[in-house]
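Take a look at the structure below.
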Amino acid sequence: MPGKQAVIEVNANFHHLAGENLFERRDNPRFAEYRGKWAEWPRSFFVGEFPLFIDVEVTSACNLKCPFCATTFRGQKVKKGFITFDLVKKIIDEGSDKGLYGVKFNIRGEPLLHSEISRFVKYGKDKGLIDIYFNTNAMLLTEDVAKRLIDAGLDRLSISFEGYTKEVYERNRIGAVYETVLSNIENMQSLKQKLGVKNPKVRIQTVMLPEIKNHFEEYKDFWQARADELGFLDYKEMKDKKKGRAYPWACPQIWQRMAVWWDGTILPCNHDDDGLLTIGNLNEISIKAAWDSELLRKTRSAHKEGRAHEINACDGCYLRDSEIVKLTEREKIK
């Protein structure tokens, strides 16, 4: 199997359930161009001049301890810190000059812990980025914070919420309060309506845990009226990494995007929680230099040729493992 050209499935880990599809904004030609490249670049193994998108970690700290989250699983191994405005500015300035379409202001932590998050959003929008968003647990999404994010021009907001009952939610989101988060979500939507604005679009998404599968329709019914989009992510087992597994699956991220941690560490993707594929630091090299680096070139070649298991960071990656499981199960059915 090694040496066989791999096949890429784009956005295979995310599943749209109801409401608007926030990946299909037909009212904006530039957004359509962006999403077209998002699908086509990885499928054709095309390396553009610059990444389409950058994951920017504004903080590695989190206010929750969710048992299925890599940040929780790695615990004290994650060095806690907050990004500076100068570093955010450096990322956006370089990107906006080279055709960058968007950024997501989180990787391992909770972005609303950063006091300057709305300033980061506004700077990106002022520089012409068309897709600025982040994931949040919404515990800190007060009315004041919501108003500042709306004023800054945030395009979308993904809120992670397991299930629809207090029992299921608080069992999986350790440290969160069901009533607080639900109220914050409803207040954000009400505030948008009051101000006569459509953004940020609110997506409610869950990790599809086994207990949620059994109440799937109830979950949809509860959230459809409260969100602009409803979706779910595949559950990924975080404990047992499967090493040495050869399979012709290639990760789309290394043709679409890059990641920058709060301290400037540059990575090829947002799943390398241990920094095994660190390319350099933004305080020393540019994103363009990292994108064109020999390390990333070799990584892309290994994925394209079905040899991703030879890359230490990719061998046992939770995303890779979960996608291989899905594909092999699909093969058994055929």
Side-chain angles (χ1 to χ4, degrees), residues 10-11 13-17 19-28 30-35 37-39 51-59 62 83 88 91-92 95-96 99-114 116-141 145-161 181 184-185 188-189 191-192 197-207 223 226-233 252-253 256-262 269-271:
V10 180
N11 300 327
N13 186 51
F14 176 79
H15 307 276
H16 171 80
L17 282 178
E20 301 178 47
N21 188 328
L22 301 186
F23 291 146
E24 296 180 358
R25 277 172 41 198
R26 292 181 170 81
D27 60 327
N28 187 324
R30 187 160 179 249
F31 191 88
E33 173 187 84
Y34 155 52
R35 296 310 297 185
K37 291 178 181 178
W38 187 266
L52 303 167
F53 190 88
I54 298 174
D55 297 271
V56 180
E57 180 180 81
V58 297
T59 181
C62 190
I83 202 168
V88 171
I91 294 167
I92 293 174
S96 63
L100 182 70
Y101 290 95
V103 295
K104 178 162 76 76
F105 282 125
N106 73 287
I107 299 178
R108 296 173 295 179
E110 167 52 54
L112 292 183
L113 286 170
H114 203 303
E116 293 193 286
I117 184 64
S118 58
R119 184 186 183 192
F120 301 159
V121 172
K122 186 176 189 307
Y123 190 79
K125 294 307 295 182
D126 287 347
K127 295 292 285 189
L129 302 189
I130 63 170
D131 188 25
I132 299 182
Y133 84 106
F134 55 82
N135 298 341
T136 176
N137 56 54
M139 269 293 290
L140 304 175
L141 189 63
V145 170
K147 178 64 164 57
R148 283 190 276 120
L149 290 172
I150 290 171
D151 291 343
L154 185 67
D155 292 293
R156 51 192 176 104
L157 194 63
S158 291
I159 299 174
S160 304
F161 202 109
V181 176
N184 288 347
I185 293 169
M188 164 63 95
Q189 296 294 63
L191 183 58
K192 283 163 51 183
V197 298
K198 295 182 179 180
N199 291 344
K201 298 289 188 181
V202 173
R203 171 197 289 152
I204 300 296
Q205 62 186 32
T206 181
V207 173
W223 283 114
R226 294 175 168 86
D228 297 298
E229 181 180 31
L230 180 61
F232 73 90
L233 305 174
Q253 289 202 16
Q256 297 166 325
R257 66 209 288 176
M258 295 200 79
V260 181
W261 282 353
W262 66 269
C269 75
N270 61 20
H271 281 78

Under 4.5 Å between any side-chain heavy atoms of [X] and [Y], yes or no?
X	Y	answer
Val202	Ile159	yes
Trp261	Ile83	no
Thr206	Leu233	no
Ile117	Leu112	yes
Val145	Leu140	no
Leu157	Leu141	yes

Closest contact, heavy atoms only, [X] versus [Y]:
X	Y	value
Pro51	Leu100	O-CD1, 3.6 Å
Ile150	Pro200	CG1-CD, 3.7 Å
Pro111	Gly109	CD-O, 3.4 Å
Ile107	Ala259	CD1-CB, 3.8 Å
Val181	Ala138	CG1-CB, 4.0 Å
Ala227	Ile204	CB-CG1, 3.4 Å

Euclidean distance, [Y] [atom2] relative to [X] [atom1], rounded to 0.5 Å:
X	Y	atom1	atom2	value
Phe53	Tyr34	CZ	OH	5.0 Å
Asn106	Phe134	CG	CZ	8.0 Å
Asp55	Gln256	CG	CD	10.0 Å
Asn199	Leu22	CG	CG	9.0 Å
Leu17	Leu230	CG	CG	4.5 Å
Ser118	Tyr123	OG	OH	15.5 Å

### Task
Apply the test salt bridge (Lys or Arg N to Asp or Glu O under 4.0 Å) to residues Glu229 and Lys201: give CA-CA distance (whole Å), side-chain angles for both, the deciding distance (0.1 Å), then the verdict.
CA-CA 8 Å; Glu229 181 180 31; Lys201 298 289 188 181; over 6 Å; no
### Query
Are Phe23 and His16 close enough that their ring centers fall under 6.0 Å?
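Between Phe23 and His16, the centre distance exceeds or equals 6.0 Å.
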### Task
Just do the salt bridge (Lys or Arg N to Asp or Glu O under 4.0 Å) check on Arg156 and Asp131 with the steps written out, would you?
CA-CA 8 Å; Arg156 51 192 176 104; Asp131 188 25; 2.8 Å; yes
Residues [X] and [Y] bridged, charged N to O under 4.0 Å:
X	Y	result
Arg108	Glu57	yes
Lys125	Asp155	yes
Glu24	Arg35	no

#### Entry: Evaluation steps, side-chain hydrogen bond (donor to acceptor under 3.5 Å, both in side chains), between Glu110 and Thr136
CA-CA 6 Å; Glu110 167 52 54; Thr136 176; 2.8 Å; yes
### Query
With Gln205, which residues qualify under side-chain hydrogen bond (donor to acceptor under 3.5 Å, both in side chains), at least two apart?
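Gln205: no side-chain hydrogen bond (donor to acceptor under 3.5 Å, both in side chains) contacts found.
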### Task
Using side-chain hydrogen bond (donor to acceptor under 3.5 Å, both in side chains) as the criterion, list what pairs up with Arg226, not counting sequence neighbours.
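So Arg226 forms a side-chain hydrogen bond (donor to acceptor under 3.5 Å, both in side chains) with Glu186.
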### Task
Assess whether side-chain contact (heavy atoms from CB on, under 4.5 Å) is satisfied between Arg30 and Tyr101, documenting all intermediate values.
CA-CA 9 Å; Arg30 187 160 179 249; Tyr101 290 95; 3.8 Å; yes
### Donor-acceptor contact present, side-chain Asn11 to main-chain Phe14, <3.5 Å
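Not confirmed, Asn11 side chain does not pair with Phe14 backbone.
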### Query
What's the verdict on side-chain contact (heavy atoms from CB on, under 4.5 Å) for Val56 and Lys104, showing C-alpha distance, side-chain angles and the deciding distance?
CA-CA 6 Å; Val56 180; Lys104 178 162 76 76; over 6 Å; no
### Message
Just to verify, what does Phe161 make a ring pair (Phe, Tyr, Trp, His ring centres under 6.0 Å) with, not counting sequence neighbours?
### Response
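By the ring pair (Phe, Tyr, Trp, His ring centres under 6.0 Å) rule, Phe161 matches Tyr169, Tyr178, Trp223.
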### CA sep, side-chain torsions, deciding dist, call: Ile92, Phe120, side-chain contact (heavy atoms from CB on, under 4.5 Å)
CA-CA 9 Å; Ile92 293 174; Phe120 301 159; 5.8 Å; no
### Criterion salt bridge (charged side-chain N to carboxylate O under 4.0 Å, His left out) against Asp228, the qualifying member of Arg203, Lys198, Lys192
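Looking at Arg203, Lys198, Lys192, the match for Asp228 under the salt bridge (charged side-chain N to carboxylate O under 4.0 Å, His left out) is Lys192.
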### Task
Determine, stepwise, if the pair Tyr133 / Ser158 fulfils side-chain contact (heavy atoms from CB on, under 4.5 Å).
CA-CA 8 Å; Tyr133 84 106; Ser158 291; 3.9 Å; yes
